[in-house]
Amino acid sequence: MRLCPSRGAARPPAVAVPLGRPPASRARGPPPARFKVTPDTPAADAEALAFDALGRIPRDKLFIGGRWAPPADGATLPLIDPRSGRAYGAAAAAGAADVDAAVAAARAAFDEGPWPRMAAKERGRVLYRLADLVESNADEIAALETLDVGMAISAARGLITPAVADTLRYYAGWADKVHGETLPVDGPFWAFTLKEPIGVVGAITPWNFPLLMAAVKLAPALAVGCTAVLKPAEQAPLTSLLFAQLASDAGLPPGVLNVVPGPGETAGAALAAHLGVDKITFTGSTEVGRLVGRAAASNIKPCSLELGGKSPLIVAPGADLGVAAAAAADAAFFHQGQCCTAASRVFVHASVYDEFAARAVEAARARAVGDPFSHATQQGPQVDAAQFGKVSRYLRLGREEGAKLAAGGERVGTEGYFLQPTVFTGVEDSMAVARDEIFGPVQCLLRYNTLEEALSRANATPYGLAAAVFSNDLDTVNAAARALRVGTVWVNAYNVVSASMPFGGFKESGIGRDKGREALDNYTQVKAVAQPLRDAAWR
Ligand code: NAI
Ligand code: MG
């Protein structure tokens, strides 16, 4: 069985898969037979693969201490198909007692188990094996994300699942390269620092990119020798459960990774406040990030928070409008606009505003909305009724506040959570659509006259996650890159992300950085050690 080889089974053969790009380009002939999801796979086949994979996940259980166990109170989460709004099953829901058990298992694995004590390169080896398993199960993982959250299969298979494997490999390579320094000190002493794993990590992840967000947090934590409890979002438990099995198959010792999907208000809150947890890492809304930060104060555990955004994209005069409009459409509509980096405020110079708006409308209307299992689909449904309702409210609010609806604005079809890619023109900074994180396929075009004005308006938000500037003028680019108070600036591009690039927010978009070398600091403590230097060694 490919999906979940039994525990202790021989390592499956390594499968060579092109990394970080869609499977097999058409120009180079038909894709190899090992891919079950290719650009030519009919939607019905991809959907069948998802249900087949679903049938093999022990989703009525939680993964605690290296074993699958039912939740203490037998609670469940409904599994709802965002294409129809109908439930097709249920998954186990962790409560506070299960979080306690998971933390106890992670605690024991950290305090007494082999993981923090083994040679660092051996931890790296396990993570490399896990990356191989993610890759050899990439079709199933991608299909499950599509089923769970409505992610377009082309994105799930071509971009997101390869990024999970890339992230694991990036941190597998770091495992044996994290170390302290020797320090000069006064007097007959010498000193050095140790970088030690921080301990038990509680990871709380969102539903928009379920497995990628988990990997971004777990890979650096595990690489440095931490153990972890992962609390996936209640809307999207499936790939995290599968990942638990794959990690165990890769050789992760029992208790090192525990996976307990459950409601945020109970399971998430219990994990954030838990006295047995040494560190919290969270991605989600700013509102809940504030609660998590407060809960983490229980035992002064550090907390890294990757929160919401209202990212500006600036189109300067002289920019290539074709490139800018295409990138801006992807930036607003990719994954139904359910990206923390979504470029929801597009500041366009007055001299090119009308032409840019025409291109934006054309790009929005050209986007293929439909069954996310079809490779032709660019935009699937919003994740659930709550998000569909929230985005629909903003579609109404934009009109009521006087923005001009230039494209979209309506539901697509009569069932499920599909919405049209929407463009509002004539948007003013004071409007709710320009202020709030909508988390849906809504692009707002705002007009500006001077660069200084654009930068100051771009920064006039409590958020500070990402931004982009489209310009062929170096002074404009340099001024924008320095003035924008955000964690990532893209120049003539958008959503260029990599495991190597630190990612996180200024202001209320969060604290700390996921990814890059910087993320290792989230999961390590620095200890200073000093010793005497005697006699000849001192002189
Ligand atoms: P959320 O912030 O409630 O959920 C994120 C995670 O936090 C989930 O695992 C959830 O179970 C957990 N959680 C919820 N309440 C908690 C609590 N009291 N203590 C500990 N954990 C808790 O996000 P939600 O409700 O799914 O979406 C609401 C809005 O949040 C979206 O419309 C969007 O604006 C924003 N959001 C931003 C994300 C990002 O990537 N920055 C991801 C998801 C949502
Ligand atoms: Mg919530």
Side-chain angles (χ1 to χ4, degrees), residues 77 80 82 91 93-96 99 148-149 151 160 202-214 216-217 229-237 240 259-274 277 280-298 301 303-311 334-342 344 382-394 417 419 432-433 435-442 462-466 486-488 495 497 503-505 507-512 514-515:
L77 303 164
I80 291 167
V99 169
D148 221 6
V149 302
M151 189 187 296
I160 303 304
I204 301 174
T205 48
W207 45 263
N208 51 348
F209 298 101
L211 189 55
L212 183 56
M213 293 300 107
V216 154
K217 294 176 182 312
V229 176
L230 168 66
K231 205 297 287 171
E234 49 270 59
Q235 296 93 335
S240 295
V259 180
V260 287
E265 298 72 19
T266 51
L271 186 60
H274 209 292
V277 174
I280 284 287
T281 171
F282 170 86
T283 296
S285 59
T286 293
E287 181 196 356
V288 172
R290 239 185 280 279
L291 295 177
V292 166
R294 241 176 250 148
S298 60
K301 59 172 98 54
C303 198
S304 34
L305 304 170
E306 202 266 274
L307 308 176
K310 191 71 191 172
S311 297
F334 179 68
H335 194 30
Q336 291 78 272
Q338 299 169 140
C339 301
C340 49
T341 55
S344 48
Q382 308 307 121
V383 71
D384 64 9
Q387 292 298 311
F388 177 79
K390 174 182 170 184
V391 181
S392 302
R393 270 197 309 283
Y394 280 104
Y417 308 127
L419 289 167
V433 288
R435 289 198 324 265
D436 302 347
E437 181 176 55
I438 300 175
F439 232 56
V442 183
Y463 293 115
L465 193 58
V486 298
T488 301
N495 276 344
V497 289
F503 181 80
K507 302 192 273 182
E508 292 179 32
S509 286
I511 34 178
D514 282 337
K515 308 206 286 183

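Everything numeric in this text was worked out from a predicted model, so none of it was measured. Indexing begins at 1, ligand by ligand and atom by atom, following the structure's order. All values below come from the heavy atoms of this structure, side chains included, with hydrogens, waters and symmetry mates left out.
- Scanning all protein heavy atoms for the shortest distance to atom 35 (C) of ligand 1 gives E437 OE1, 3.3 Å.
- Less than 4.0 angstrom separates some heavy atom of F282 from each of these atoms of ligand 1: 2 (O), 6 (C), 7 (O).
- Taking a cut-off of under 4.0 Å to the non-hydrogen atoms of T283, the atoms of ligand 1 that pass are 5 (C), 40 (O).
- Looking only at side-chain heavy atoms (C-beta outward), K310 and R435 stay at 4.5 Å or farther from each other.
- Residues T341 and T488 form no side-chain contact, since every pair of their non-hydrogen atoms from C-beta on lies 4.5 Å or further apart.
- Among protein heavy atoms, atom 26 (O) of ligand 1 sits closest to W207 NE1, 2.6 Å.
- Separating the CZ atom in R290 from the CD atom in E508 is a distance of 4.5 Å, to the nearest 0.5 Å.
- The presence of a protein heavy atom under 4.0 Å from atom 4 (O) of ligand 1 is ruled out.
- Under the side chain to side chain contact (heavy atoms under 4.5 Å, CB included) rule, P261 has a single partner from S240, P210, P232, which is P232.
- Residue E234 has at least one N or O atom closer than 3.5 Å to an N or O atom of ligand 1.
- Residue contacts with ligand 1 for S285 involve both N, CA, C or O and side-chain atoms from C-beta outward (heavy atoms, distance under 4.0 Å).
- Protein heavy atom in closest approach to atom 13 (N) of ligand 1: G264 CA, 3.3 Å.
- Counting only heavy atoms from C-beta outward, the side chains of F439 and S344 never approach each other to under 4.5 Å.
- Atoms of ligand 1 found under 4.0 Å from any heavy atom of T205, numbered from 1 in the order shown, are 6 (C), 8 (C), 9 (O).
- Formation of a donor-acceptor pair under 3.5 Å by the K231 side chain with backbone atoms of A270 is not found in this model.
- There is a protein heavy atom closer than 4.0 angstrom to atom 18 (N) of ligand 1.
- Looking at atom 37 (C) of ligand 1, its nearest protein heavy atom turns out to be F439 CZ, 3.5 Å.
- When heavy-atom distances to ligand 1 are checked against a 4.0 Å cut-off, Q235 comes that close only through its side chain, counted from C-beta outward.
- Residue contacts with ligand 1 for K390 involve side-chain atoms from C-beta outward but no N, CA, C or O (heavy atoms, distance under 4.0 Å).
- Close contacts between ligand 1 and L307 involve ligand atoms 41 (N) [criterion: under 4.0 Å to a heavy atom].
- The N/O atoms of I204, backbone and side chain alike, include none that comes under 3.5 Å of an N/O atom in ligand 1.
- Between L291 and ligand 1, not a single N/O pair is under 3.5 Å apart.
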